[in-house]
Asks: 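I am attaching a structure below and will ask some questions about it afterwards.
Order of listing sets the numbers, starting from 1, for every ligand and every atom in it. In what follows, residues are counted from 1 in the order of the sequence shown. The model shown is predicted, which means the values in this text are computed figures rather than measured ones.
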Amino acid sequence: MENQTSFVRSLCMGDIEENVIIPYPKLKDEEKEILRSVIDSVDATLKGRDAEFRKWDREGELPESMLEEMRQLGLFSLIIPEEHGGIGMNSTSYSRTLQALAKHDGSVAITAGAHSSIGMRGLVLFGTPEQKAKYAPKLATGEMIAAFCLTEPGAGSDAAALRTKAVKDGDDWIITGSKLWITNGGIADFFTVFAKTDTEGGQITAFIVTRDMKGVSTGPHEDKMGLRASSTTTVDMDQVRVPAANVLGDVGKGFKVAMKILNSGRTGLGGGSIGSMKSLIEMSTKQAKQRTQFDKPIAEFGLIKQKIGHMVVECYATEAVVNMVAGLVDQGYEDYAVEAAISKVFATECLWRTADEALQVAGGNGYMCEFPYERIVRNCRINRIFEGTNDILRLFIALTAMNDVGKQLKDVSKSVEGIFSDPIKGFGVMSEYAKKRLTSATGIGGAKKKFTKLNPALKDQAAIFEEATRDLAAAADRILRKHGKDIINKQFATKRLADIIIDLYVLGCVLSRVNTSIEDNGLEGAAKEIEILNVFAGQTRRRIKGNFGKIDDNDDDLITSLADHALEHEGFKWDNL
Ligand SMILES: Cc1cc2nc3c(=O)[nH]c(=O)nc-3n(C[C@H](O)[C@H](O)[C@H](O)COP(=O)(O)OP(=O)(O)OC[C@H]3O[C@@H](n4cnc5c(N)ncnc54)[C@H](O)[C@@H]3O)c2cc1C
């Protein structure tokens with residue numbers, strides 16, 4: 001691998017590592033061919049079945065017949081290597097398949113997605129040859145469906161606080177504990193379970209647990225806001241005897257296994273978000289042309305066009321960032337956790353806005369269960385919560401960036417060595433010395449590189465990016481100077497930095513995508529995409545300036561004070577009675 005640099009992490013130092021994002025990743029012809037045949041079968045099977053999707057949503061269960069159709073379509077085999085009976089898709093093709101599924105129904109998409117994105121991804125990434133030979137063929141046919149079991153009643157965002165125990169007994173482990181809100185829980189036979197071992201320090205370890213093991217049980221289906229037909233249950237383990245051969249990865253390294261699974265699977269959720277957005281844009285445009293008010297189709301009104309235009313820009317940008325991250329994974333980059341987190345936050349928030357605006361375009365019809373809008377709104381709300389809440393991912397994005405800035409301190413005293421190894425906790429002990437040295441040691445505050453590979457027609461948009469890169473480096477510097485070791489407690493500031501990083505990275509991906517389109521289609525052929533880039537670049541420039549300005553000019557203390565007041569009184573204190 002020629003270049004293993006994380007684009008975003010370099011960006012926070014003021015460096016534009018354009019080789020990482022240019023050219024925009026593309027599928028090979030043979031990959032396209034397989035993908036096309038899978039997507040055609042998905043469309044042929046799921047198209048026109050909205051009444052059934054609605055019924056299953058209302059009833060809160062996906063019928064066994066649908067699961068069987070999914071098995072026949074090979075939807076449980078997508079990422080399993082061919083030698084174990086799977087299709088062996090790479091991340092880009094997998095993400096694109098999830099897109100095709102989500103265009104039709106969220107519950108079907110999440111059932112397939114939870115199986116491959118997280119349920120058995122640990123086996124693909126960390127499984128021994130014996131584990132793969134034993135389980136992968138059954139997972140590929142869907143004879144076994146998989147689930148990922150991390151969350152517990154007391155361990156959500158703070159996953160490391162989990163209490164499920166694994167106690168060594170001879171060669172086996174005895175696992176006891178309860179997992180909460182497990183997608184596919186009720187239909188799965190294969191569970192990737194995270195438990196604390198009784199070894200020194202109580203480290204987390206990942207295990208393969210199967211339903212046929214004595215002591216495994218699952219609770220009733222949860223009655224949920226959305227994705228109602230997808231199975232969500234508790235997974236309970238009472239003294240389950242698990243052979244040592246079922247440990248996934250190394251004993252004590254389970255947290256790393258969990259994070260790697262989540263990072264690697266993020267393009268599935270991103271793909272699903274794109275599929276729903278495309279379907280919403282299709283419905284909204286048709287609806288806007290059909291519905292007449294004030295003697296005109298509502299499509300002719302500026303406020304309707306504004307909504308639809310923004311949906312198009314956000315869908316294009318989401319596809320740019322999700323494909324870029326999938327491409328990084330496929331090219332063998334190891335360091336893509338921040339980029340993957342950005343793609344998850346961006347995709348899920350764009351889908352949320354698109355679903356809300358599409359419902360608005362549909363007016364009262366949008367609120368009626370007869371139409372799919374309300375269902376999509378309900379379905380997509382969870383995307384901002386599961387697989388890491390967007391709030392936690394924002395902290396991760398910004399604190400990793402600042403952690404990197406800290407690491408640049410080549411001549412910092414021994415006293416601060418190692419404190420940056422944990423991006424969230426490390427800043428608690430950052431010394432004043434490190435803080436003072438930060439700017440001079442890293443040289444942040446000025447972009448070290450400019451784009452050289454972009455088409456000259458994109459020079460204005462590239463300039464916006466380069467200027468924003470300087471703003472980002474300056475913002476990281478300013479925030480660290482202002483808050484020093486207290487940065488860990490300054491979440492308002494951290495969120496602003498994360499938002500700048502998110503905007504900037506997505507803009508980089510859009511620039512790259514449009515650049516490739518110009519290469520392939522010429523300036524004229526890419527004209528509409530250049531318009532999208534112009535809108536997105538303008539939006540990001542304004543947002544980044546706004547966030548930058550708010551570092552010093554904000555109402556953070558007042559908002560904190562009002563929140564404290566509400567928390568103290570447990571509610572809203574004023575009433576006009
Ligand atoms: C439908 C559904 C399916 C799911 N599927 C699975 C699954 O298959 N496997 C699995 O393991 N889990 C699954 N989950 C669990 C999901 O991953 C968690 O709900 C999620 O991680 C958040 O945890 P929590 O709900 O406990 O929220 P909490 O962690 O209690 O968070 C509550 C709020 O506080 C915020 N917050 C928490 N800590 C901080 C902080 N340090 N700083 C600022 N804000 C903070 C959060 O962002 C959030 O807004 C599922 C959940 C649902 C609802």
Asks: How far is atom 2 (C) of ligand 1 from the closest protein heavy atom, and which atom is that?
Replies: F386 CD2, 3.9 Å
Asks: Would you verify that at least one protein heavy atom lies under 4.0 Å from atom 34 (O) of ligand 1, or report that none does?
Replies: no
Asks: Between the side chain of T97 and the main-chain N/O of S93, is any donor-acceptor distance below 3.5 Å?
Replies: yes
Asks: Given that the side chain starts at C-beta and the backbone is N, CA, C, O, which of these parts of L395 lies under 4.0 Å from ligand 1, counting heavy atoms, or is it both or neither?
Replies: side chain
Asks: For F148 and F194, I'd like to know if the aromatic rings sit close, meaning centre-to-centre distance below 6.0 Å.
Replies: yes
Asks: Under 4.0 Å from ligand 1, counting heavy atoms only, is it the side chain of Q491, its backbone, both or neither?
Replies: side chain
Asks: Report the residues that fulfil ring-ring contact (aromatic ring centres under 6.0 Å, His included) with F53, sequence neighbours left out, ordered by chain and then residue number.
Replies: W56
Asks: Check this for me: E570, atom CD, are more than 12 non-hydrogen atoms of other residues, nucleotides or ligands nearer than 6.0 Å?
Replies: no
Asks: Select the closest option to atom 4 (C) of ligand 1 among F191, F148, W181, judged by heavy-atom distance.
Replies: W181
Asks: I'd like to know whether NZ of K256 has more than 12 heavy-atom contacts from other residues, nucleotides or ligands below 6.0 angstrom.
Replies: no
Asks: Can you find a protein heavy atom under 4.0 Å from atom 30 (O) of ligand 1?
Replies: no
Asks: In Å, rounded to the nearest 0.5 Å, how long is the span from CD1 of I342 to CZ of R394?
Replies: 10.5 Å
Asks: Please work out, at 4.0 Å between heavy atoms, whether the side chain, the backbone, both, or neither of K224 comes within that distance of ligand 1.
Replies: side chain
Asks: Within the structure, is a non-hydrogen atom of L227 found at a distance of less than 4.0 Å from ligand 1?
Replies: no
Asks: D556 and side chain to side chain donor-acceptor pair (under 3.5 Å): which partner among Q491, K490, R496?
Replies: R496
Asks: Can you check whether a protein heavy atom sits less than 4.0 angstrom from atom 53 (C) of ligand 1?
Replies: yes
Asks: From atom 15 (C) of ligand 1, work out which of I382, T151, L150, D391 has a heavy atom at the shortest distance.
Replies: T151
Asks: Please indicate whether K278 has more than 12 foreign heavy atoms, meaning atoms of other residues, nucleotides or ligands, lying under 6.0 Å from its NZ.
Replies: yes
Asks: Identify which of S117, G154, S157, P153 has a heavy atom lying nearest to atom 28 (P) of ligand 1.
Replies: S157
Asks: Which pairs count as ring-ring contact (aromatic ring centres under 6.0 Å, His included) when at least one residue sits in residues 205-253, sequence neighbours excluded?
Replies: W173-F207
Asks: Note the single closest protein heavy atom to atom 20 (C) of ligand 1, along with its residue, its atom name and the distance in Å.
Replies: I385 O, 3.7 Å
Asks: Please report which non-hydrogen protein atom sits nearest to atom 24 (P) of ligand 1, along with the residue it belongs to and the distance in Å to one decimal place.
Replies: G156 CA, 4.0 Å
Asks: Counting only heavy atoms, tell me which of T192, L393, T389, I392 gets closest to atom 40 (C) of ligand 1.
Replies: I392
Asks: Answer side chain, backbone, both or neither: which part of T183 comes under 4.0 Å from ligand 1, heavy atoms only.
Replies: both
Asks: Cationic tip of R381 within the cone over F386's six-membered ring, i.e. under 6.0 Å and within 45° of the normal?
Replies: no
